[in-house]
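Remarks on the structure that follows.
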Amino acid sequence: MRILIAEDERITRATLVRHLEGWGHSVTATENGEKAWEHFKAGGFDIVVTDWEMPLLSGLELVKRIRESAAATYVYVLMLTSRSDKSDIVSGIEAGADDFVSKPFDREELRVRLLAGERIVRLERALNQQNAELRNANGRIHDGLRSAARVQRAMLPRKAIENPRVRAAWTYVPTDELGGDAIGLELIGDRYLIAYVIDVSGHGVPAALLSVTAMHALAPAAEGASLLLGDGLGPLQSPARIVTELNRRFCASDNDGRFLTMVLFALDTHSGRASFVRAGHPFPVLVRARVPVPLSDDGGLPLGIVDAGDYPDVALKLQPGDRFFLYSDGFLEQARPSDGQEFGEERLRSLLVSLADTPGPQLVTRSIDALAEWAGEKGFVDDMSLVVIEWAGP
């Protein structure tokens, strides 16, 4: 240990130096508190042994300065004093002293009290080292999370879709840096639109990895390897076949018990023919002339649970001006802090109908704003995904 001594009595000071150096310590000795303070400011001491009563600066004032300083590590302070009143001991501890040795001091008592100080100093140094290692590891983890989040964001739709026949917009608000929701929105061959929302059970990195895997499988690969392409609706595979194959792949892999819910929608923008399929996911909403149109289907189980899942297509014929909404269950399950009431399907349908004349990009923003107001200061408890598709007509 590097030990700083502040003792105005020459013989006591010399005795302290002899004992401490004999025990293997590096010692700097000063004759008053002021000089000790100057040495202390230079840094590097582990333990300070100080007399209470000294000229220029008392031991009590020295201790106060030490505790008020911005020392990089903890410094153990041992006070030498002939005082024995409880009030003096209390004053010393309140000032920041760790222990006391009565004067004239006993050599063995001084040795064992210094040993106790050494243990504390070494424990504090080890704790500091562990904390530094944890901070570095945490920084690396956060860097990795930020990189993964950039990859995940890069796989989201690049922009809204708008042409004379169809307009589509979306929004995605993750609760963590990495989210478990996934959104897909593609216009293939300038005619066939495909949209989906996926919600992976759980949150954080495992859920995000599974959602990215699903987005990879559904990417419209130019070489024809995509699950989206086939002989269903034009060049598209039927939604039922897409979801059935995705379920088979996830059942064949080890996902640590995680599963996905999904709704997938396909539209021929030239004719208005459409179909959708659900896998344990909330019902989509179809709004026609400001009125929600009932949609009925049995859907299927979430993906990754049963290998032989049944996912039937539901066929639709859109009319000009129809709006079709896909969303994650975060919209339904968001609770109001005042009473715990969830936003729910009925309130969501009413919200979407009330925004019937609002352009898609503004609609998704205002929908999120409405949910944020409902959530209050508590904020969202789940990822929020919303896709709106409006068919203008052939």
Side-chain angles (χ1 to χ4, degrees), residues 166 168 181-188 191-201 210-211 213-215 217-220 226-253 255 258-288 291-319 322-329 331-332 345-346 348-349 352 385-389 391:
V166 66
D181 282 8
I183 289 179
L185 183 62
E186 296 285 348
L187 188 61
I188 297 173
R191 174 171 177 173
Y192 298 96
L193 181 141
I194 191 94
Y196 63 81
V197 170
I198 292 173
D199 187 358
V200 180
S201 62
L210 205 53
S211 72
T213 300
M215 284 191 284
L218 295 170
S226 172
L227 285 181
L228 299 181
L229 304 178
D231 56 358
L233 186 65
L236 298 181
Q237 188 81 271
S238 73
R241 290 185 179 181
I242 294 171
V243 174
T244 298
E245 174 60 20
L246 197 60
N247 177 63
R248 186 193 66 79
R249 294 187 185 186
F250 280 112
C251 283
S253 59
N255 300 315
R258 296 183 181 275
F259 58 86
L260 304 81
T261 70
M262 180 179 187
V263 58
L264 187 143
F265 173 76
L267 169 66
D268 180 351
T269 65
H270 284 203
S271 67
R273 289 190 305 117
S275 61
F276 74 90
V277 64
R278 290 191 313 118
H281 204 84
F283 269 104
V285 174
L286 173 60
V287 176
R288 176 174 294 159
V291 177
V293 177
L295 298 174
S296 178
D297 82 291
D298 295 332
L301 292 172
L303 308 183
I305 294 180
V306 177
D307 188 33
D310 183 27
Y311 302 99
D313 274 324
V314 178
L316 297 172
K317 180 64 172 73
L318 298 189
Q319 297 180 12
D322 281 357
R323 280 184 166 181
F324 198 82
F325 297 90
L326 316 176
Y327 55 91
S328 60
D329 62 4
F331 276 87
L332 306 182
E345 291 184 17
E346 185 61 38
L348 177 60
R349 284 195 295 268
L352 298 178
S385 297
L386 175 64
V387 180
V388 53
I389 300 115
W391 188 57

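We count residues from 1, following the sequence as given.
For the pair Leu295/Val314, no side-chain contact is recorded, criterion being any heavy-atom separation below 4.5 Å from C-beta on. Taking the side chain as every heavy atom from C-beta outward, Asp199 and Ser385 never approach each other to under 4.5 Å. Counting heavy atoms from C-beta on, the side chains of Arg248 and Asp307 come closer than 4.5 Å. Contact of the Ile194 side chain with the Leu218 side chain is not registered, since no non-hydrogen atoms from C-beta on lie closer than 4.5 Å. Contact check for Leu332 versus Tyr327: side-chain heavy atoms found under the 4.5 Å cut-off. Between Phe276 and Leu326, the closest side-chain pair of non-hydrogen atoms is not below 4.5 Å. Leu210 places a side-chain heavy atom less than 4.5 Å from the side chain of Phe250.
Salt-bridge annotation for Glu245 and Arg241: absent, with no side-chain N of the basic residue lying under 4.0 Å from a carboxylate O of the acidic one.
Residues passing the side chain to side chain donor-acceptor pair (under 3.5 Å) test with Thr244: none are found, sequence neighbours excluded. With sequence neighbours excluded, no residue forms a ring-ring contact (aromatic ring centres under 6.0 Å, His included) with Tyr196. Taking the salt bridge (charged side-chain N to carboxylate O under 4.0 Å, His left out) definition, one finds that Asp322 meets it with Arg288, sequence neighbours left out. In this structure Ser328 satisfies the side chain to side chain donor-acceptor pair (under 3.5 Å) test together with Asp181, sequence neighbours excluded. The ring-ring contact (aromatic ring centres under 6.0 Å, His included) search around Phe331 returns none, not counting sequence neighbours. Applying the salt bridge (charged side-chain N to carboxylate O under 4.0 Å, His left out) rule to Glu345 yields the partners Arg349; only residues at least two apart in sequence or on another chain are considered.
Minimum interatomic distance between Val243 and Met262 (heavy atoms only, all atoms of both residues): CG2-SD, 4.1 Å. Scanning both residues, His270 and Trp391, for their nearest heavy atoms gives O-CZ2, 4.3 Å. Across Ala182 and Met215, no two heavy atoms sit closer than the pair CB-CG, 3.6 Å. Pairing each heavy atom of Asn247 with each of Ile305, the nearest pair is OD1-N, 4.2 Å. Pro239 and Ala266 get closest at one heavy-atom pair: CG-CB, 4.0 Å. Closest of all the heavy-atom pairs between Leu185 and Ala195 is CD1-CB, 3.8 Å.
The CG atom of Leu318 sits 9.0 Å away from the OG atom of Ser271 when rounded to the nearest 0.5 Å. A distance of 9.0 Å separates CG of Asp268 from NZ of Lys317, quoted to the nearest 0.5 Å. Here the straight-line distance linking atom CG of Leu246 with atom CG of Leu260 works out to 7.0 Å at 0.5 Å rounding. Put simply, OH on Tyr311 and CD1 on Ile242 are 14.0 Å apart, with the number rounded to the nearest 0.5 Å. Between Gln319 atom CD and Leu286 atom CG the span is 9.0 Å, to the nearest 0.5 Å. Ile198 CD1 to Thr213 OG1: the interatomic distance, rounded to the nearest 0.5 Å, is 10.0 Å.
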Exercise for the section: Under the side chain to side chain contact (heavy atoms under 4.5 Å, CB included) rule, what do Leu316 and Phe324 come out as? Steps first, then yes or no, please. Expected result: CA-CA 11 Å; Leu316 297 172; Phe324 198 82; 3.6 Å; yes

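The main-chain N or O of Phe259 is found under 3.5 Å from a side-chain atom of Ser201 such that the two form a donor-acceptor pair. Using a distance-only test at 3.5 Å, with no hydrogens or angles considered, no donor-acceptor pair links the side chain of Thr261 to the main chain of Pro302.
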